[in-house]
There are 2 protein chains.
Amino acid sequence: MSTKNKILDAADVLFADKGFNGTSLREITSQANVNLAAVNYHFGSKKELIKAVMSRYMDELSPQLESSLLLICQADVKPSLHDVFSAFIAPLLNLNEFKVNGTSTFLQLLGRGYTDSQGFLRWFLTTQYPNVFTHFTKAVKIAYPELSTEEMFWRLHFTMGTIVFTMSSSEALIDIAENDFDNKLDIAGVIERVIPYVAAGVAAPIIKI
Amino acid sequence: MSTKNKILDAADVLFADKGFNGTSLREITSQANVNLAAVNYHFGSKKELIKAVMSRYMDELSPQLESSLLLICQADVKPSLHDVFSAFIAPLLNLNEFKVNGTSTFLQLLGRGYTDSQGFLRWFLTTQYPNVFTHFTKAVKIAYPELSTEEMFWRLHFTMGTIVFTMSSSEALIDIAENDFDNKLDIAGVIERVIPYVAAGVAAPIIKI
DNA sequence: AACTAATTTAAACGCACGTTTAAAATAACG
DNA sequence: CGTTATTTTAAACGTGCGTTTAAATTAGTT
């Protein structure tokens, strides 16, 4: 395997686990069994490495996500919100074939990116992969046309928060649930449980001010 | 004002804004106009300062929260989930009288505590302030008795994620919403919008496996 | 084989961090 | 007032960080 990929494979696991600020290049390079200077040689800087880690996942995910959402939009029967959110399942779980534990690693990275580094990753995602967002809001608009754009804005951000936060700490939550309820969930099980929740949240009756 | 309080007042704003790891003691002490060594003299270490910052808020909040939730549990009419979550509003907004921008600062701190520092703050809160959690789950159980303990566990963590993540980035979201929709929300406005969302999420139909 | 380009390596750089020290300044008190 | 305790101060300590350097090694090309 190339040095570049060895670095990426070590970096995304460590980034997901300990955050971008919380992971040093020395940890990454020693985990990857490459020289410390290799990161700056191949990627230029730590910031560019972070971008490369995210891009590797997003380049795999976003085409699948776009076509999955497009299919929902073009269906003959009006989709429910549950249908819209379910459109994320297959593309997300496919990341597990792209890389071992790819799904949970990516979702954890997403969570880190939103809270670490003061929103620079949010800018990166929305500017580099805008189609995912437009297709998604279009699909939600079809499923729940009464929802105003502003209310949709807020509820989609609430949803993002639910997903991202849950997945950031999914390993800990899965462990707790196993201990307390003797029910060992995997990442697909967590996704199955969160979708009714967010679908119901977005579908909540419209508030009056 | 005492040096100790000057430090706490500077620290909580900076911690909320840039995270625990992202804020240095030099930033805090220069913002507070005190000597660098004052933190270690008065608090012992940075970790203890973080605990003190959180304790100051929790000691103010948790009694109000407990009695507010207890009131819900002991009411004659069965409360709705919306009622349960609304029990948080007054205690949270009262933090604004405790300190300027206290509500949003505290909620941002909560979000930081969950994602920074690998869950040590979660341990701190659940062990130091367990009554808040038990009263809350009791209230939810009354409002939605059909929900199994395990499903409640998951949905409450989804809810925690929604709140914490939203409030971590509430300032940015409020700015975006103002630009895009000419509608300037304050923190109370965000809370008003998130409660129907989380109440509907927790109230979602029970999934079958 | 000889030369060039790409990569890897070990070492060091400068910087910012949390913490500690010991002296100076202030407060408390008999 | 004099003495003791408390607090503040400036300076330094050791550590770990991202990055850079220049030499050593490897790969590619003619």
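As the structure is a computational prediction, the values presented were derived from the model and not from experiment. A, B, ... follow the sequence lines: proteins, then strands. Residue 1 opens every chain.
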statement: Note: for B/Y41 and A/S45 on DNA chain D, the residue whose nearest nucleotide lies more 5' is B/Y41
- request: Nearest-nucleotide wise, let me know which of B/A37 and A/L36 is further upstream toward the 5' end of DNA chain D.
  value: B/A37
Rounded distance (Å) that lies between atom [atom2] of [N] and atom [atom1] of [X]:
| X | N | atom1 | atom2 | value |
| --- | --- | --- | --- | --- |
| A/I7 | D/dT19 | CD1 | P | 13 Å |
| B/I50 | C/dG18 | CD1 | C1' | 12 Å |
| A/E27 | D/dT15 | CD | P | 18 Å |
| B/F43 | D/dT8 | CZ | P | 11 Å |
| B/N35 | C/dA25 | CG | P | 14 Å |
| B/L25 | C/dC15 | CG | C1' | 17 Å |
| B/N40 | C/dC17 | CG | P | 14 Å |
| B/L49 | C/dT19 | CG | P | 10 Å |

For [X] and [N], is the shortest distance between a side-chain N/O and OP1 or OP2 below 4.0 Å?
| X | N | value |
| --- | --- | --- |
| B/S24 | C/dC17 | yes |
| A/T3 | C/dT7 | no |
| A/H42 | C/dT8 | yes |

query: Thinking salt bridges, do B/R112 and B/D17 make one under a 4.0 Å N-O criterion?
result: no
task: For the pair B/F124 and B/Y129, name the ring-plane relationship: parallel under 30°, tilted 30 to 60°, perpendicular over 60°.
output: perpendicular
query: Counting any heavy atom closer than 4.0 Å, what does B/T23 reach on the DNA or RNA strands: base, sugar-phosphate only, or nothing?
result: sugar-phosphate
- request: Would you kindly check whether a donor in the side chain of A/R26 faces an acceptor in the base of D/dG16, or vice versa, at under 3.5 angstrom?
  value: no
- request: Evaluate the criterion side-chain hydrogen bond (donor to acceptor under 3.5 Å, both in side chains) for residue pair B/D83 and B/S86; output intermediate values, then yes/no.
  value: CA-CA 5 Å; B/D83 294 332; B/S86 297; 5.5 Å; no
query: When you check the side-chain N and O atoms of B/Q108 and B/T105, is any donor under 3.5 Å from an acceptor?
result: no
- prompt: Side chains of B/D12 and B/Y57: do they bring a donor and an acceptor to under 3.5 Å?
  reply: yes
